[in-house]
Amino acid sequence: MDMHAIEKKWQKYWEENKLNEFDKSKTDKKFYCLEMFSYPSGAKLHMGHWYNFGLADCYARYKKMKGYAVFQPMGFDAFGLPAENYAIKTGIHPQDSTLKNIETMENQLRHIGAMFDWTAEIKTCMPDYYKWTQWMFLRLYEKGLAYRKEAPVNWCPSCNTVLANEQAAGGVCERCGSPVVKKNLTQWFFKITAYAEELLSGLDGLDWPEKTKLMQKNWIGKSYGAEITFAAESGDEFKVFTTRADTIFGVSYVVLAPEHPLVAKLTTPDREKDVKAYVEATAKTNEIDRLSSDREKTGVFIGAYAVSPADGRKIPIYAADYVLFSYGTGAVMGVPAHDERDFAFASKYGLPITQVITDKEGNATLPFTDDGYLVNSGEFDGLFGDDARKAIVKKLEDGGKASFKVNYRLRDWLISRQRYWGAPIPVIHCPHCGDVAVPDEDLPVLLPYDVEFKPDGKSPLAKHEGFMHCKCPKCGGDAQRDPDTLDTFVCSSWYYLRYPDAHNDKAPFDPEIINKMLPVDKYVGGAEHACMHLLYARFFTKALRDMGYLNFDEPFTSLTHQGVILGPDGNKMSKSKGNVVSPDPYVEEYGADVLRLYLMFGFNYVDGGPWNDDGIKSVAKFLDRVERLFYKITAMPDENADTYGADEKELDFVLNNTIKSVDNDMNTLSYNTAIARLMELTNALNKYDNLPVKNTVLMKEAMKRMVLLLAPCAPHFSEELWSQLGNKSSVFLADYPTFDEKKLVKDEVEYAVQINSRMKAKIVLSKSLSKEDIEKAALADADVIAALEGKPVKKVIVIVNRLINIIA
RNA sequence: GCGAGUGUGGCGAAAUUGGCAUACGCGUAAGACUUAGGAUCUUAUGUCCUCGACGUGCAGGUUCAAGUCCUGUCACUCGCACCA
């Protein structure tokens with residue numbers, strides 16, 4: 001078959017007949033199948049895109065044939081750093097390179113033969129989209145979910161920009177790998193922490209990979225504990241957060257984070273020099289060092305003492321950088337006997353180590369960090385774990401010195417970027433009125449084209465007079481625009497809401513439409529977004545729901561992460577390693593269907609693996625075989641329709657079993673086994689074809705269903721064969737084949753017979769036999785009798801339809 | 001360090017509730033057809049071998065029966081990484 005010709009032919013047909021477009025009259029049977037949209041990079045589409053988009057399309061087409069009105073849109077996450085970096089390097093404007101890249105990618109994407117509904121295409125860098133991204137910001141701002149504050153932020157000295165916590169994971173810049181340093185800037189934040197609890201509890205009901213849910217859970221990091229108030233001798237009070245209130249009698253010092261405001265206030269004059277030096281040194285330390293748990297603990301005594309609320313002991317106060325100012329209260333109590341970090345710290349600075357917890361036997365090596373029984377704890381001695389914690393906190397609570405407290409590790413989402421290529425933050429800073437939201441009717445705040453990209457730590461927009469200067473919407477006086485742009489993750493946090501109403505120019509979407517079309521029924525994309533995009537999108541959905549725009553709680557009901565296709569060398573594909581595999585030469589040589597089929601067959605979808613084209617020919621051969629068989633069978637006259645013996649029954653069994661298996665495999669995205677079953681059906685048809693007398697009516701029926709089963713996987717090929725069968729409408733409008741349970745029932749079953757759990761014989765028995773008869777038949781078998789050698793039978797285990805185990 | 005996952009032929013990989021390990025394919029070998037074969041078809045193909053034994057990273061355990069369950073251990077991958 002001329003693959004290229006039929007690709008063109010049917011892609012044109014599908015487009016002209018609007019087969020890829022969602023039928024808006026069928027929202028009651030909607031199936032929203034979405035792949036994570038991609039960034040329009042200068043590099044061409046690689047194998048991973050095909051693996052993601054092409055194979056998700058197989059699922060979408062399968063669902064369509066199962067009777068759903070499938071909506072599968074495609075778009076581009078078009079703002080972002082790479083285009084701007086490229087502009088700095090080459091002088092080519094981000095808008096020009098991005099739009100050009102999009103055009104190239106659109107063309108490449110069409111080669112996949114996916115049923116993308118291009119009428120709903122989104123490009124996040126276009127004003128008709130980012131207008132609504134800005135609108136989203138304003139709604140969150142109104143709700144108090146967007147706020148501005150000065151904060152130490154992750155600063156990448158190489159990219160000259162602020163990074164989100166998630167983009168600075170591990171203390172290095174996600175993009176360039178440079179060590180991240182801290183810098184104080186006034187930044188915009190989204191208050192994602194307001195939803196910490198629901199983001200956590202909502203995970204339970206989601207059909208998502210367990211690993212991803214666990215990652216989000218850990219990222220949110222809920223922990224139950226208590227805040228306990230310590231009083232300094234000066235009278236100043238401060239709280240520490242602890243999950244181990246049961247260890248409070250073992251406190252031998254307390255630590256304040258170096259950034260803690262009380263450090264300066266409480267430091268005694270004789271310690272001032274040392275403390276100041278330490279605090280300054282901490283500020284200079286970059287994240288990579290500060291966050292390393294292997295690092296030696298350091299700290300400095302500030303000269304002041306506090307009083308333990310539990311027993312009134314006087315304990316020294318330290319400042320140490322192993323305590324994070326941004327978590328809990330920024331202060332902890334040091335219990336060296338029962339915390340590894342405190343143990344290391346106390347050992348170094350010669351602080352007392354008092355054991356207050358012990359195990360069942362009364363002996364424990366320090367530091368002992370498990371739950372245990374209290375000792376040296378006055379009235380609480382003998383209590384265990386949770387009971388001890390509750391009793392102690394209750395007692396302190398009565399004295400106003402403690403309270404139960406839940407903490408989350410999740411931080412608010414820093415969304416300001418000192419970059420050009422993003423959606424401008426729609427806020428005006430007025431010398432009289434302060435921060436003023438841009439009125440909705442003035443949206444979008446357009447991104448100017450003529451800017452200076454050269455990075456110098458200032459937003460390119462800040463240097464653009466025409467952009468910056470404006471009138472305050474409130475007082476009409478001279479004012480300045482916010483020079484920053486929004487993190488691109490803001491754009492991608494709501495795009496799935498835009499697709500179903502992509503051309504709405506009155507609102508980001510019509511809630512009536514969106515509430516029918518959402519949530520997304522199947523979301524397919526890489527696992528690397530587990531704690532960023534997927535969390536942010538959930539936050540947006542919940543926030544918009546609470547504002548009354550949406551009536552659902554979660555954006556993505558079911559999520560699948562496709563595996564990663566690695567380079568042939570087993571490494572992640574990258575330009576620098578030179579191991580990027582392009583789909584283009586394979587599409588050129590074998591066609592889109594063969595490549596789709598090979599990607600389905602050669603890998604477990606959720607695992608991926610190193611690229612290797614050894615098997616691609618075999619898949620091409622498989623389609624050739626199907627095609628040859630197809631033409632051979634369709635050319636046969638209808639004969640022997642009434643012939644239905646063992647061979648026909650066997651063929652019918654394989655046919656029905658294939659339908660059952662493939663249906664199930666497609667539904668669970670077990671593509672490799674689905675293709676294996678289709679190969680088996682082909683083999684069975686070939687085998688049957690070699691018989692002298694053939695029921696050609698049965699063969700034709702089998703072939704017809706084969707074409708239907710193959711259609712979601714090899715759409716052009718199958719559409720062609722379908723039309724050759726004389727069908728006037730698309731194969732994707734045909735019903736997915738169903739199987740007949742009766743055809744799956746065999747008259748006879750082969751049993752494996754084991755003697756003392758060892759395989760000794762195989763016997764074929766009628767399906768209708770009772771357990772007793774099966775046992776009798778097995779014991780009467782000549783091979784079995786021989787293998788038993790006259791030994792008495794003690795016990796016989798019969799597993800119906802499978803095996804018989806004789807214990808002798 | 002903590003958390004999660006993976007480990008099966010020469011290779012990619014299969015294996016409902018524990019029930020014939022290695023489906024499907026690649027590769028390899030032999031044969032058929034052919035002027036020819038890098039096409040097509042057929043057969044064989046876990047290892048060692050004579051019966052038979054041994055085989056799912058390794059060592060144990062539970063069971064009539066373990067790739068699957070339990071304990072320990074090694075290797076690799078991913079995530080988190082001083083969160084008190």
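We name chains A, B, ... by the order of the sequence lines, and we start the count at 1 in each one. This is a predicted model, so every value here is computed, not measured.
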Q) Is B:rG37 in the syn range, within 90° of 0, or in the anti range? A)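 Anti for B:rG37; the angle lies over 90° from 0.
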
[X] near the nucleic acid: base, sugar-phosphate alone, or nothing, with a heavy-atom cut-off under 4.0 Å?
{"X": "A:Gly328", "value": "nothing"}
{"X": "A:Phe601", "value": "base"}
{"X": "A:Ile807", "value": "sugar-phosphate"}
{"X": "A:Glu340", "value": "nothing"}

Between [N] and [X], counting only base atoms on the nucleotide and side-chain atoms on the residue, is there a donor-acceptor pair under 3.5 Å?
{"X": "A:Asp614", "N": "B:rC26", "result": "no"}
{"X": "A:Lys794", "N": "B:rC64", "result": "no"}
{"X": "A:Lys211", "N": "B:rC78", "result": "yes"}

Side chain of [X], heavy atoms from C-beta onward: which of [options] has the nearest atom to it?
{"X": "A:Lys621", "options": "B:rA39, B:rG25, B:rC64", "value": "B:rA39"}
{"X": "A:Met215", "options": "B:rG79, B:rA65, B:rG19", "value": "B:rG79"}
{"X": "A:Leu214", "options": "B:rA4, B:rA23, B:rC26", "value": "B:rA4"}
{"X": "A:Thr673", "options": "B:rA23, B:rG19, B:rC80", "value": "B:rA23"}
{"X": "A:Arg628", "options": "B:rG3, B:rC41, B:rA84", "value": "B:rC41"}
{"X": "A:Met759", "options": "B:rC24, B:rC20, B:rG19", "value": "B:rC20"}

Is [N] paired to anything, Watson-Crick or G-U wobble with both distances less than 3.5 Å, and if yes, which nucleotide?
{"N": "B:rC78", "value": "B:rG3"}
{"N": "B:rG67", "value": "none"}
{"N": "B:rU73", "value": "B:rG57"}
{"N": "B:rU50", "value": "none"}
{"N": "B:rG9", "value": "none"}
{"N": "B:rC41", "value": "B:rG31"}
{"N": "B:rC20", "value": "none"}

(Q) Return whichever of A:Asn686 or A:Asn805 has its heavy-atom-nearest nucleotide of RNA chain B closer to the 5' end. (A)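 Comparing both residues, the 5'-ward one is A:Asn686.
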
Q | Comparing A:Asn690 and A:Gly608 on RNA chain B - which has the more 5′ nearest nucleotide | A |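 First, find each residue's nearest nucleotide; the 5'-ward one identifies A:Gly608.
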
Grab the [atom1]-[atom2] distance between [X] and [N] for me, whole Å please.
{"X": "A:His561", "N": "B:rA4", "atom1": "NE2", "atom2": "C1'", "answer": "13 Å"}
{"X": "A:Tyr671", "N": "B:rA13", "atom1": "OH", "atom2": "P", "answer": "17 Å"}
{"X": "A:Tyr598", "N": "B:rA13", "atom1": "OH", "atom2": "C1'", "answer": "11 Å"}
{"X": "A:Lys687", "N": "B:rC24", "atom1": "NZ", "atom2": "P", "answer": "11 Å"}
{"X": "A:Leu534", "N": "B:rG79", "atom1": "CG", "atom2": "P", "answer": "15 Å"}
{"X": "A:Ile755", "N": "B:rA65", "atom1": "CD1", "atom2": "P", "answer": "15 Å"}
{"X": "A:Asp624", "N": "B:rG25", "atom1": "CG", "atom2": "C1'", "answer": "15 Å"}
{"X": "A:Lys213", "N": "B:rG5", "atom1": "NZ", "atom2": "P", "answer": "14 Å"}

Counting only side-chain N and O atoms of [X], is one of them less than 4.0 Å from OP1 or OP2 of [N]?
{"X": "A:Asn672", "N": "B:rA14", "result": "yes"}
{"X": "A:Asn683", "N": "B:rG25", "result": "yes"}
{"X": "A:Tyr327", "N": "B:rA84", "result": "yes"}
{"X": "A:Arg758", "N": "B:rC54", "result": "yes"}
{"X": "A:Arg802", "N": "B:rG18", "result": "no"}
{"X": "A:Asn604", "N": "B:rA14", "result": "yes"}
{"X": "A:Ser223", "N": "B:rA84", "result": "yes"}

If the [atom1] atom of [N] is compared with that of [M], how far apart are they to the nearest Å?
{"N": "B:rG9", "M": "B:rC74", "atom1": "C1'", "value": "22 Å"}
{"N": "B:rG60", "M": "B:rC11", "atom1": "C1'", "value": "32 Å"}
{"N": "B:rG67", "M": "B:rC58", "atom1": "P", "value": "12 Å"}
{"N": "B:rA59", "M": "B:rG12", "atom1": "C1'", "value": "30 Å"}
{"N": "B:rU8", "M": "B:rG3", "atom1": "C1'", "value": "26 Å"}
{"N": "B:rU22", "M": "B:rG46", "atom1": "C1'", "value": "8 Å"}
{"N": "B:rA23", "M": "B:rA13", "atom1": "P", "value": "16 Å"}
{"N": "B:rA14", "M": "B:rG61", "atom1": "P", "value": "31 Å"}

Q) Would a 4.5 Å heavy-atom cut-off, applied to side chains only, mark A:Ile228 and A:Phe241 as touching? A)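 No, every pair of side-chain atoms sits at 4.5 Å or beyond.
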
Q) Is the shortest heavy-atom distance from the side chain of A:Arg705 to the side chain of A:Leu655 under 4.5 Å? A)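 Yes - at least one pair of side-chain heavy atoms lies under 4.5 Å apart.
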
One thing to verify: whether [Y] and [X] come together as a salt bridge, which I'm taking to mean a side-chain N less than 4.0 angstrom from a carboxylate O.
{"X": "A:Asp689", "Y": "A:Lys694", "answer": "yes"}
{"X": "A:Glu237", "Y": "A:Lys401", "answer": "yes"}
{"X": "A:Glu197", "Y": "A:Lys222", "answer": "yes"}

Q) Per the side chain to side chain donor-acceptor pair (under 3.5 Å) rule, which among A:Thr247, A:Asp371, A:Thr242, A:Thr243 passes with A:Arg389? A)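 That would be A:Asp371.
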
Q.
Using a 6.0 Å cut-off, check whether atom OH of A:Tyr631 has over 12 heavy atoms from anything other than its own residue.
A.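 Above 12, so yes.
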
Q: Please confirm whether A:Tyr349 and A:Tyr253 have ring centers closer than 6.0 angstrom.
A: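 Ring-ring flag for A:Tyr349/A:Tyr253: false, centres at least 6.0 Å apart.
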
(Q) With no hydrogens and no angle check, just 3.5 Å: does a side-chain donor-acceptor pair link A:Asn579 and A:Asp569? (A)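 A:Asp569 and A:Asn579 do have a side-chain donor-acceptor pair below 3.5 Å.
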
